[in-house]
Each structure stands twice: as structure tokens, then as C-alpha cells.
Amino acid sequence: MRLCSSPASGVATAVALALALSLAVAVLGAPARAGESTVVAPAPARPGPLAGYEPSCAPADRADFPIDARIPEGPRTYRPGGGEQEWSVALTNATGEPCDRVHPLVVLVGEERSLRPEHIRLEFHDGSRWHPVAFHRTDQRENVGVFDHGFGGFTVKSGETVTAKVRMGFTGDAPAGGVTATAALVQRKKNDGDWVGESNPYTFDIEPDAPAILSADQLAQTGERFLIALGGAAGILVLGGAALIAGARRHRGGTAGGNR
């Protein structure tokens with residue numbers, strides 16, 4: 001459990017941006033599109049998850065996060081233009097009360113701060129289907145994506161863990177280099193939200209020479225081509241087998257006639 005006195009400073013700015021985006025969605029009724037102009041979001045005056053907020057799923061005097069967020073070990077390399085790869089965010093409720101309307105947000109920061117929202121392809125699974133995540137760029141050149149897209153948020157019961165599956169890839173022109181991903185958790189309210197969790201960092205590399213990973217669509221197309229090829233090969237084998245059988249019959253027939 002990460003204490004409120006020691007968060008990553010970049011995450012503080014990202015959470016402020018996420019709350020600003022949540023407010024914009026509540027007021028305007030529609031999320032902003034990825035790749036729009038940079039959103040400038042000032043970091044909270046005192047860096048920490050309770051900077052101006054009190055988590056509604058935890059006692060007011062609680063000093064640490066009510067939700068323990070963790071990113072288990074994920075893929076270490078991604079190839080620009082390659083298929084998506086999966087990882088996850090585990091949300092564990094450490095309180096005696098259920099926490100609902102919990103929205104993870106992912107912060108991606110590349111080396112030299114050259115990674116941009118248009119380079120990122122990321123989706124999350126809500127337990128029934130996949131949702132795309134739109135990324136936005138802060139004035140600190142961080143890329144922030146909220147698990148939203150009409151999703152009402154995860155509900156994490158007391159003492160239980162909910163795992164949010166993620167699949168991620170990058171466009172062919174994504175810059176090579178190291179990237180750090182961090183997940184923060186926001187509990188959305190009507191026109192506001194509370195910062196209720198923060199994960200460990202997940203580091204990986206974007207490498208042009210990384211092994212190619214096929215996407216689900218590419219795998220499906222490859223499977224179809226394989227089945228067609230297999231069907232053709234099976235047909236050839238069947239025809240070849242029939243010819244062999246016919247030849248064997250003729251040979252037996254000729255042998256029998258000669259014996260007579």
C-alpha cells in the first residue's frame with residue numbers, strides 16, 4: 001500500500017488531469033477525442049492522493065490508499081506496428097467497505113518525452129467486452145488515458161481483488177526507447193472524483209527489432225489461410241490416396257489374371 005506522502009509527482013499531475021476530464025465529461029456529456037490539443041492540468045498543491053479529496057470508500061482519517069493497485073509483470077518489449085500484447089491491473093480493496101465507480105487511468109511516459117497519444121493503442125476489458133482508451137497529453141508531456149468510454153467503473157468489494165485486463169500496442173511510427181507505465185485509480189462522483197489508488201511502475205521498451213506479435217485479427221486471418229491451405233493439402237492427399245488405391249487394385253487384378 002503506497003502512502004499518501006510519497007506518490008510519483010507525474011502521477012499527481014495525471015490524476016489532476018483525469019479529474020478535469022471527468023468533470024468535462026459530466027458537464028459536456030461527451031469525452032474528448034484522443035490527439036486533441038494539450039490539456040494543462042496543475043498538480044495538487046500538496047502532492048498526495050488526499051490533496052483536497054477524501055476517498056469516499058474509506059474512513060476520513062485513513063492515511064493510505066483504500067485500493068491497492070498492482071501491475072503484475074507484463075511484456076518487456078513491443079514492436080512498433082506490431083500486434084497488441086496483454087497485461088493487467090489488479091485492484092484490491094483494503095477497506096471494510098465496498099468501493100464502486102473506480103476508474104483506472106494509465107500514465108505512459110517515454111524516454112525524451114517523445115511518445116504521444118497518437119502512437120498508443122490501448123483497450124481495457126470490463127468483464128464483458130473491450131473498450132478503447134483515448135489518451136491525452138499533459139503539459140509535462142505525459143500521456144494519460146482513463147478507463148471510461150461509457151463504462152461505469154469497477155466495483156471492488158471489501159477484501160476482494162478485481163483484475164482489469166489490458167491490451168496495448170503502438171503504431172509503426174512510435175519512437176523507440178524505454179517507457180514507464182503507471183496506473184492510478186480515481187473514484188468518480190457526479191462532478192468530481194477522488195484519488196483512491198496508485199500502482200507500481202511497469203517498464204518496457206519499444207524496439208523496432210522486437211519479435212513480431214500478431215494481433216487477434218492477424219491471427220484470425222492467418223488461421224483462415226492455414227485452414228484453406230490445410231484443406232487444399234488434405235484434398236491433394238485424398239486424391240493421391242484414391243489414385244494409389246486404384247493403382248493397387250489394378251495391380252492386384254493384373255497379378256490375379258496372370259496367375260490364372
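None of these values were measured; they are calculated from a predicted model. We number each residue from 1, following the sequence as shown.
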Problem set entry | For the student: nearest non-hydrogen atoms of Ser199 and Ile71, plus distance | OG-CD1, 3.5 Å
Exercise. For the residue pair Cys99 and Asn93, what are the closest heavy atoms and their distance?
Worked result: N-ND2, 3.5 Å
Problem set entry | Where Ala164 and Phe154 come nearest, the two heavy atoms and their spacing | CB-CZ, 3.6 Å
Exercise. Rounded to the nearest 0.5 Å, how far apart are CD of Glu123 and NE2 of His149?
Worked result: 9.5 Å
For this session: Measure the spacing between CG of Asp173 and CD of Glu118 and express it to the nearest 0.5 Å.
Result: 7.5 Å
Problem set entry | Check: Asp68 side chain, Thr92 main-chain N or O, donor-acceptor pair, under 3.5 Å | no
Exercise. Are the side chains of Leu185 and Trp195 in touch, meaning some heavy atoms are under 4.5 Å apart?
Worked result: no
For this session: For side-chain contact (heavy atoms from CB on, under 4.5 Å), just list the numbers for Phe147 and Val186, CA-CA rounded to whole Å, side-chain angles, deciding distance to a tenth of an Å, and then say yes or no.
Result: CA-CA 10 Å; Phe147 288 19; Val186 173; over 6 Å; no
Exercise. Atom OG1 in Thr163, atom CG in Leu91: separation rounded to 0.5 Å?
Worked result: 7.5 Å
For this session: Indicate yes or no for a side-chain donor-acceptor contact from Trp130 to the backbone of Pro132 under 3.5 Å, with no hydrogens or angles considered.
Result: no
Problem set entry | Lys/Arg N to Asp/Glu carboxylate O, Glu84 vs Arg121, below 4.0 Å | yes
Problem set entry | Polar side-chain atom of Glu160 near backbone of Pro98 as donor-acceptor pair, under 3.5 Å | no
Exercise. Do the non-hydrogen side-chain atoms of Ser88 and Val166 ever get within less than 4.5 Å of each other?
Worked result: no
Problem set entry | N/O donor-acceptor pair under 3.5 Å between Asn143 side chain and Leu108 backbone | yes
For this session: Measure the spacing between CZ of Phe135 and CD1 of Ile120 and express it to the nearest 0.5 Å.
Result: 4.5 Å
Problem set entry | Gap separating the OG1 atom of Thr155 from the CZ atom of Arg101, nearest 0.5 angstrom | 8.5 Å
Exercise. Name the one of Asp148, Asp100, Asp194 that satisfies salt bridge (charged side-chain N to carboxylate O under 4.0 Å, His left out) with Arg188?
Worked result: Asp148
For this session: For this output row, return yes or no: ring centroids of Phe124 and His131 closer than 6.0 angstrom.
Result: yes
Run the side-chain donor-acceptor check on residues 201-212: report pairs under 3.5 Å with partners two or more places apart or on a different chain.
{"unit_1": "Tyr202", "atom_1": "OH", "unit_2": "Pro75", "atom_2": "O", "d": "2.5"}
{"unit_1": "Tyr202", "atom_1": "OH", "unit_2": "Tyr78", "atom_2": "OH", "d": "2.9"}

Exercise. Can you tell me how far the CD atom of Gln85 sits from the CZ atom of Arg167, to the nearest 0.5 Å?
Worked result: 13.0 Å
For this session: Mark yes or no for whether Arg137, through its side chain, and Leu115, through its backbone, hold a donor-acceptor pair below 3.5 Å.
Result: yes
